[in-house]
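What follows is a single structure, written as structure tokens, with notes after it.
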Amino acid sequence: MTLDKKHSINNILEENRLFPPSKEFSDKSNIKSFEELQSLKKQSLENPTKFWESFANSEIDWFEPFQTVLDRENAPFFKWFKEGKLNITYNCLDRHIKNGIGNKTALVWEGEPGDNKKYTYQELLKEVCKASNALKSLGIKKGDLVCIYMPMIPEAMVAMLACARIGAPHSVVFGGFSSESLKDRLIDGNARFVITADGGFRKDKVIELKKAVDAAIESGANKIVEKVIVVQRTKKDISMVNNRDFWWHELLKDQKDWCEPEIMNSEDRLFVLYTSGSTGKPKGVVHTTAGYNLWSHLTFKWIFDIKDDDVYWCTADVGWITGHSYIVYGPLSNGATTLMFEGVPRASNLGAFWEIIQKYKVTIFYTAPTAIRSFMKSGREIPDQYDLRSLRLLGTVGEPINPEAWMWYREVIGDNKCPIVDTWWQTETGGVMISPLPGAVATKPGSATFSLPGIEVEVVDKNGEKVVENEGGYLVVKKPWPGMMRTIHENSQRYLESYWEYISFKGEKNVYFAGDGARIDNDGYIWIMGRVDDVISVSGHRLGTMEIESALVSHKSVAEAAVVGRKDDLKGEAIVAFVSLEKDINSFPEIVEELKKHVVNEIGIIAKPEKIIISDSLPKTRSGKIMRRILRSLAEGEKISGDISTLEDSSVLEKLKEIS
Ligand code: ATP
Ligand code: MG
């Protein structure tokens, strides 16, 4: 076997369905045809400097213009739009008021217990200014890192924007994290200030956020955290420490509703955000002001084909990059109406999402494959009870979407008429990198289709050589882009090693390695095959996890599947599948054999799972991604090592230990 063969990932699944956008949709879109998209891409490849320069000037308002588009001097520590001065909140708020849309709804918020609120751009600016002044009154200044640990309430958005307005980078920690995880992030970020709430409502429960902050401080962050600001949400009793803890509403009460935006340099830090921890210890990804502003803005505009009257809803939490780029910064920078929901679907309200779409006449809906698979599991009877006719565009993000889940999303939620944008990206990329533009690209279920204009991706082997069509390999980005991460907080070595030095390129330097496997088909469509860490090697064939999982999910009884490899003397590795079944299916003994046969029929004998373990649920990160590294340890019968602080529900692990 040649070296190349060993490093390539075999492609095994076929998917031939093709869904072009309707003429009606294309005619109304901002980018109307594949040709138009190609021409934009061509411009971006031929003259990247001009391409980025012209968008940076047309889409972003600057206090002072930049002179250098891209500074490669210290690559891969790239600098974008050096010399430029701006403030992202000016672009997200002030300029819309100047442009006469101050009375447009910026934020629609629905609380978990049914309370709700709307803010116009004008109102949001005032609130952000008050909060900015409040932060300043506590001594928070430009450059101070502020940790935000909040439920999904408007104050979370206001807090982020207030930090950005005064130039204090934020580090948002998902409100579902424990005090331990919070403590690690406080210490890693050296965050002297925390903005939190007394608590939050989540799945019929009250989450005691302030208590978690107290515990994090007591158990080690005491030397770091100086001040804590507390939003009153649940009104449950909490303890407040004198001179350390302050109520948000008391601090804001007498503040002026105007605060001059801080003049920021393009490369000033905007935020630090930790990755989901699917493959290991989370990384504190650093993003800076101008490049991130431009990339979150542009991608939002292109991908969601945003119109004045759209009501756009992304179901992510602001604690993840999706929430940063596509609940807060991208939509607001575009002057869109963005919806925020505190709750999540749960046993007591499976229709929660559909109720909101119906209530607010949501037109664009962006969610995760894990959510879609759980909707499938509970059956179409639930969404069918709601009026979803306002929807015109659907999106997914976070994991590869299995073709069957994609089809279900299209048929049941999108009524066969809404285009689906499957958006591939990472915390590190700041914004989407690979996605169809809905009016211009015919989609294939399970494919994120093409890279966006300005983004040049390739699939290569371990030596950096481009692989042939249809062969799997390592997904890389060949040119820097404005929204790229700048480093890992306090760990530039890990930045270099994880992303820039993993694949050895002949001659070519500064190629970004994403950590994912992919292949490009005959039509140029990109298929993400899963994490390269998860690739399984069976008798010399290296298989991505995605295709075997998709074959399993295409069986009518299967709701969700995760496959991993287990050491095998004969084959190198044997496939072990963890499967959760549809709602009404009992785990009858024959199902295991039936599923093995099904995989053989769908893909071939090479992908036949040696063992199938039926389980009610699978271990996931708190952002909803399957954690295969845990399943791999289980399959090997090993102790589970590595960081499991990002595991959503540890009881899943206990149950799995019993049955596997
Ligand atoms: P960690 O880096 O800590 O292991 P993570 O990679 O899950 O965690 P995120 O930045 O939240 O952290 O997720 C990015 C990853 O999610 C991508 O590298 C990819 O594996 C996966 N992903 C996101 N969107 C898609 C998509 N549309 N299709 C396939 N995979 C996706
Ligand atoms: Mg990652």
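Model, not experiment: these values are computed from the prediction. Numbering of ligands and ligand atoms starts at 1, following listing order.
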Quick one: does K283 get a heavy atom under 4.0 Å from ligand 1?
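It does, in that a heavy atom of K283 comes within the 4.0 Å cut-off of ligand 1.
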Got a second to check how far Y512's OH is from S498's OG, nearest 0.5 Å?
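Answer rounded to 0.5 Å: 9.0 Å.
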From W406 atom CH2 to T443 atom OG1, the distance as rounded to the nearest 0.5 Å:
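If I round to the nearest 0.5 Å, the distance is 3.5 Å.
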For [atom], find the nearest protein heavy atom and state the residue, atom name and distance (0.1 Å precision).
{"atom": "atom 13 (O) of ligand 1", "result": "K625 NZ, 2.6 Å"}
{"atom": "atom 29 (C) of ligand 1", "result": "P400 N, 3.0 Å"}
{"atom": "atom 19 (C) of ligand 1", "result": "D516 OD2, 2.8 Å"}
{"atom": "atom 7 (O) of ligand 1", "result": "S278 OG, 2.4 Å"}
{"atom": "atom 12 (O) of ligand 1", "result": "S276 N, 3.3 Å"}

Scan K620, E648, K625 and name whichever one has a side-chain hydrogen bond (donor to acceptor under 3.5 Å, both in side chains) with T370.
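With T370 as partner, side-chain hydrogen bond (donor to acceptor under 3.5 Å, both in side chains) holds for just one option, K620.
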With heavy-atom distances below 4.5 Å as the criterion, would you say the side chains of [X] and [Y] are in contact?
{"X": "F513", "Y": "V532", "result": "yes"}
{"X": "W80", "Y": "E267", "result": "yes"}
{"X": "M407", "Y": "R17", "result": "yes"}

Under a 4.0 Å heavy-atom limit, does [X] contact ligand 1 with its side chain, its backbone, both, or neither?
{"X": "I321", "answer": "neither"}
{"X": "W320", "answer": "neither"}
{"X": "E399", "answer": "backbone"}
{"X": "T427", "answer": "both"}
{"X": "T279", "answer": "both"}

Give me the ring orientation class for [X] and [Y]: parallel if the planes are under 30° apart, tilted from 30 to 60°, perpendicular past 60°.
{"X": "F450", "Y": "Y525", "result": "tilted"}
{"X": "Y495", "Y": "Y499", "result": "tilted"}
{"X": "W313", "Y": "F353", "result": "perpendicular"}

Hey, does [X] come in under 3.5 Å of ligand 1, counting only N/O atoms on both sides?
{"X": "Q426", "result": "yes"}
{"X": "I401", "result": "no"}
{"X": "R531", "result": "yes"}
{"X": "T396", "result": "no"}
{"X": "V397", "result": "no"}

What atoms of ligand 1 come closer than 4.0 angstrom to any heavy atom of W425?
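Selected atoms, number and element: 14 (C), 17 (C), 23 (C), 24 (N).
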What atoms of ligand 1 come within less than 4.0 Å of a heavy atom belonging to I528?
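Counting atoms of ligand 1 from 1, those under 4.0 Å from I528 are 29 (C), 30 (N).
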W354 and F365: CA distance, side-chain angles, deciding distance, ring-ring contact (aromatic ring centres under 6.0 Å, His included) verdict
CA-CA 10 Å; W354 321 127; F365 179 62; 5.8 Å; yes
Using only atom types and a distance under 3.5 Å, with no angle test, would you say the side chain of R629 pairs donor to acceptor with the backbone of S278?
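Confirmed, R629 side chain pairs with S278 backbone.
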I'd like the name of whichever of G446, G277, A368 reaches closest to atom 1 (P) of ligand 1 through any heavy atom.
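Comparing heavy atoms across G446, G277, A368, the nearest one to atom 1 (P) of ligand 1 lies in G277.
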Name the option, out of G530, A448, S623, G398, that contains the heavy atom nearest to atom 21 (C) of ligand 1.
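The nearest heavy atom belongs to G398.
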Does this structure show an ion pair linking D533 with R628, if we count only N-O contacts that are shorter than 4.0 Å?
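No, no charged N to carboxylate O under 4.0 Å.
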